Undergrad: 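Structure below; questions to follow.
As the structure is a computational prediction, the values presented were derived from the model and not from experiment.
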Amino acid sequence: MTDWFRENARDLPWRDPGCSPWGILVSEVMLQQTPVVRVLPVWREWLERWPTPAHLAAEPSGAAVRHWGRLGYPRRALRLHAAATAIVAGHAGEVPATYDELLSLPGVGTYTAAAVAAFAFGRRETVVDTNIRRVHARLVGGTALPAPALTAAETRRAVALLPDDEALSVQWNAAVMELGAVVCTARAPLCDACPVIDACAWIAAGRPAPEYVPKGQSWAGTDRQVRGAIVAVLRHADSPVARPILLWAPVDLGIGVPVDVPHLAGHAGPLAALHGLQAPTEQLERALAGLLADGLAEETEAGLRLPG
DNA sequence: AATCCGTGGGA
DNA sequence: TTCCCAAGGAT
């Protein structure tokens, strides 16, 4: 497995030996639920703009949201900014090296804490992400997919499989994750290219179908869609946007919002760009209230804007 | 424990 | 076209 990784690992900038722990932390948060190819350009811009936690912490959180671009789940940008602030305040500006310290940072959960401890500091940690879960489920468990949610049994299995040697454990975590990302994929696994196909319990069992159907997340007409549209406007606006304009006005009336915002182009305001809303006014107000409560937007006398 | 939280590329 | 889902976290 680790031999295969040495030969086939993708050349990703956060895997460069010279990459700082901060660079690795930023990459791990950006990669939460977002594909590598979309993270790459934003990660480069972030590290150039904010090479250390102190650089980011010195700016208002809205700058983090603005430069998050369209990676999705912009609250991650907010939490990364909060993590940078905590690192400056509580760790002398240096990303902490232990799992427990990392876990205490905003936006850092069990996966990210283990990943940063392992990949940035060479620690022996049990890293469990969606790729590793799927590889274990197939290779060892013989099922097409892991359980819908992480189980204690899965964690125990991952702990048992982790090599004792510290340096080897780091390579193991990276290798299993990479195998899941590029070979043992969710939909159409490339079993012909798999280095451990002869040991795969799922292959041995005849590649049985999944035992359940993953339930997809609804999207059209949800608050998430509305929130996304509102934040897209605020991200592109160069000055505060008055509430009624934000919610209702055409986007090309000189409020600083470019008309080339992809899903807003040619439409009249964020609401009109959305279809199938049950109660548009209520939903817009509710979505905006949610953004304000989450700190993704703030309201001034001049109007609404990203925090800062 | 179940739900919410964005986005866009590929099957 | 629609659907799936990608290095999760917080509540």
Side-chain angles (χ1 to χ4, degrees), chain A residues 9-10 12-15 23-43 65 68-80 82-83 102-120 125-135 144-152 158 173-182 184-190 210 212-235 261-264 270 274 286-287 290-291 293-297:
Chain A
R10 290 169 293 177
L12 303 173
W14 44 85
R15 285 178 175 164
I24 291 174
L25 173 60
V26 171
S27 80
E28 291 298 345
V29 174
M30 287 184 171
L31 287 163
Q32 293 167 4
Q33 302 287 283
T34 303
V36 167
V37 290
R38 286 172 46 209
V39 165
L40 280 169
V42 182
W43 182 87
V65 176
W68 194 250
R70 302 183 67 80
L71 287 184
Y73 293 149
R75 55 172 54 175
R76 290 181 293 164
L78 221 47
R79 295 195 172 124
L80 212 31
L102 288 161
L103 189 60
S104 73
L105 297 174
V108 176
T110 55
Y111 161 74
T112 303
V116 173
F119 302 139
E125 302 286 349
T126 304
V127 178
V128 181
D129 79 321
T130 188
N131 291 309
I132 290 176
R133 291 185 61 211
R134 187 173 54 251
V135 171
L145 297 173
L150 180 64
T151 65
N173 282 321
V176 177
M177 196 179 312
E178 185 78 349
L179 186 71
V182 303
C184 196
T185 55
R187 267 185 282 186
L190 308 175
Y212 65 96
V213 182
K215 53 179 178 182
Q217 300 175 328
S218 59
W219 170 249
T222 63
D223 277 10
R224 277 201 291 177
Q225 185 188 27
V226 178
R227 288 169 58 113
I230 292 173
V231 172
V233 171
L234 297 182
R235 196 168 53 231
V261 177
H263 60 287
L264 300 183
L274 308 173
R286 183 173 66 245
L291 291 172
D294 290 348
L296 278 166

Undergrad: Select base, sugar-phosphate, or nothing to describe what A:V39 touches, counting heavy atoms under 4.0 Å on all strands.
TA: nothing

Undergrad: Figure out the CG/C1' separation between A:L25 and C:dA7, and round it to whole Å.
TA: 13 Å

Undergrad: Does A:R134 place a side-chain N or O at less than 4.0 Å from the phosphate oxygens OP1/OP2 of C:dA6?
TA: yes

Undergrad: Measuring to OP1 and OP2 of B:dG10, would you say a side-chain N or O of A:R187 lies under 4.0 angstrom away?
TA: no

Undergrad: Mapping A:Q32 and A:K215 onto DNA chain B by nearest heavy atom, which one lands closer to the 5' end?
TA: A:K215

Undergrad: Between A:A188 and A:G72, just flag the one whose closest nucleotide in DNA chain B comes earlier from the 5' side.
TA: A:G72

Undergrad: Name the nucleic acid region contacted by A:W14, choosing base, sugar-phosphate or nothing; use a 4.0 angstrom heavy-atom cut-off, strictly under.
TA: base

Undergrad: Identify whether any heavy atom of A:A115 sits under 4.0 Å from a base atom; if not, whether one sits that close to sugar-phosphate; answer base, sugar-phosphate or nothing.
TA: nothing

Undergrad: Please tell me which of the listed nucleotides, B:dG8, C:dA7, C:dG9, lies nearest to the side chain of A:R70?
TA: B:dG8

Undergrad: Establish, with yes or no, whether the OP1 or OP2 oxygen of C:dG9 is under 4.0 angstrom from a side-chain nitrogen or oxygen of A:T112.
TA: yes

Undergrad: Without decimals, in angstroms, what is the distance between A:L80 CG and C:dA10 P?
TA: 12 Å

Undergrad: Expressed in angstrom and rounded to an integer, what is the separation of A:I230 atom CD1 from B:dT7 atom C1'?
TA: 16 Å

Undergrad: Indicate yes or no: does A:E178 engage A:R15 in a salt bridge with an N to O separation below 4.0 Å.
TA: yes

Undergrad: Send over the distance from A:N173 CG to C:dA7 P, rounded to a whole Å.
TA: 15 Å

Undergrad: With A:L296 as reference, evaluate A:I230, A:L291, A:L234 under the side chain to side chain contact (heavy atoms under 4.5 Å, CB included) test and give the passing residue.
TA: A:L291

Undergrad: Let's test your reading of the model: under 3.5 Å, does the base of B:dC4 pair with the side chain of A:R224 as donor and acceptor?
TA: no

Undergrad: If you check the A:Y111 side chain, which of C:dG9, B:dG8, B:dC5 turns out closest?
TA: C:dG9

Undergrad: Rounded to whole angstrom units, what separation is found between the CZ atom of A:R235 and the P atom of B:dG6?
TA: 11 Å

Undergrad: When all nucleic acid strands are considered with a 4.0 Å heavy-atom cut-off, which category describes A:T110: base, sugar-phosphate, or nothing?
TA: sugar-phosphate

Undergrad: Taking donor-acceptor contacts at under 3.5 Å, does the side chain of A:T34 reach the base of B:dG6?
TA: yes

Undergrad: Enter the distance from A:T112:OG1 to A:L105:CG here, rounded to the nearest 0.5 Å.
TA: 10.5 Å

Undergrad: How long is the straight-line distance from OG1 of A:T110 back to CD of A:E125, given to the nearest 0.5 Å?
TA: 11.0 Å

Undergrad: Pick base, sugar-phosphate or nothing for A:D223, based on heavy-atom distances below 4.0 Å to the nucleic acid.
TA: sugar-phosphate

Undergrad: Side chain of A:V36 only, heavy atoms from C-beta on: which candidate in C:dA7, C:dC5, B:dG6 is closest?
TA: C:dA7

Undergrad: Within this structure, what is the OG1-CG distance for the pair A:T130 and A:L145, rounded to the nearest 0.5 Å?
TA: 9.0 Å

Undergrad: What nucleotide among C:dA7, B:dT7, B:dC5 has an atom nearest to a side-chain atom of A:Q217?
TA: B:dC5

Undergrad: Atom CD of A:Q225 to atom P of B:dC5: distance rounded to whole Å?
TA: 12 Å

Undergrad: Taking it one step at a time, do A:Y73 and A:R224 satisfy side chain to side chain donor-acceptor pair (under 3.5 Å)?
TA: CA-CA 9 Å; A:Y73 293 149; A:R224 277 201 291 177; 3.2 Å; yes

Undergrad: Atom CE of A:M30 and atom C1' of C:dA6: how far apart are they, to the nearest Å?
TA: 15 Å

Undergrad: Select base, sugar-phosphate, or nothing to describe what A:R227 touches, counting heavy atoms under 4.0 Å on all strands.
TA: sugar-phosphate

Undergrad: Counting the atoms with a prime plus P, OP1 and OP2 as sugar-phosphate, which does A:L150 contact under 4.0 Å by heavy atoms, base, sugar-phosphate, or nothing?
TA: nothing

Undergrad: Taking atom types as modelled, is there a side-chain donor on A:Q32 or A:Y111 under 3.5 Å from an acceptor on the other?
TA: no

Undergrad: Closer to the 5' end of DNA chain C via nearest nucleotide, is it A:G216 or A:Q33?
TA: A:G216

Undergrad: Expressed in whole Å, how much space separates the P atoms belonging to B:dA11 and C:dA7?
TA: 15 Å

Undergrad: Can you tell me how far C1' in B:dG6 sits from the matching atom in C:dA6, rounded to whole Å?
TA: 12 Å

Undergrad: How would you label the contact of A:I132 with the nucleic acid (heavy atoms, under 4.0 Å): base, sugar-phosphate, or nothing?
TA: nothing

Undergrad: Over how many whole Å does the gap from A:R10 atom CZ to C:dA6 atom P extend?
TA: 12 Å

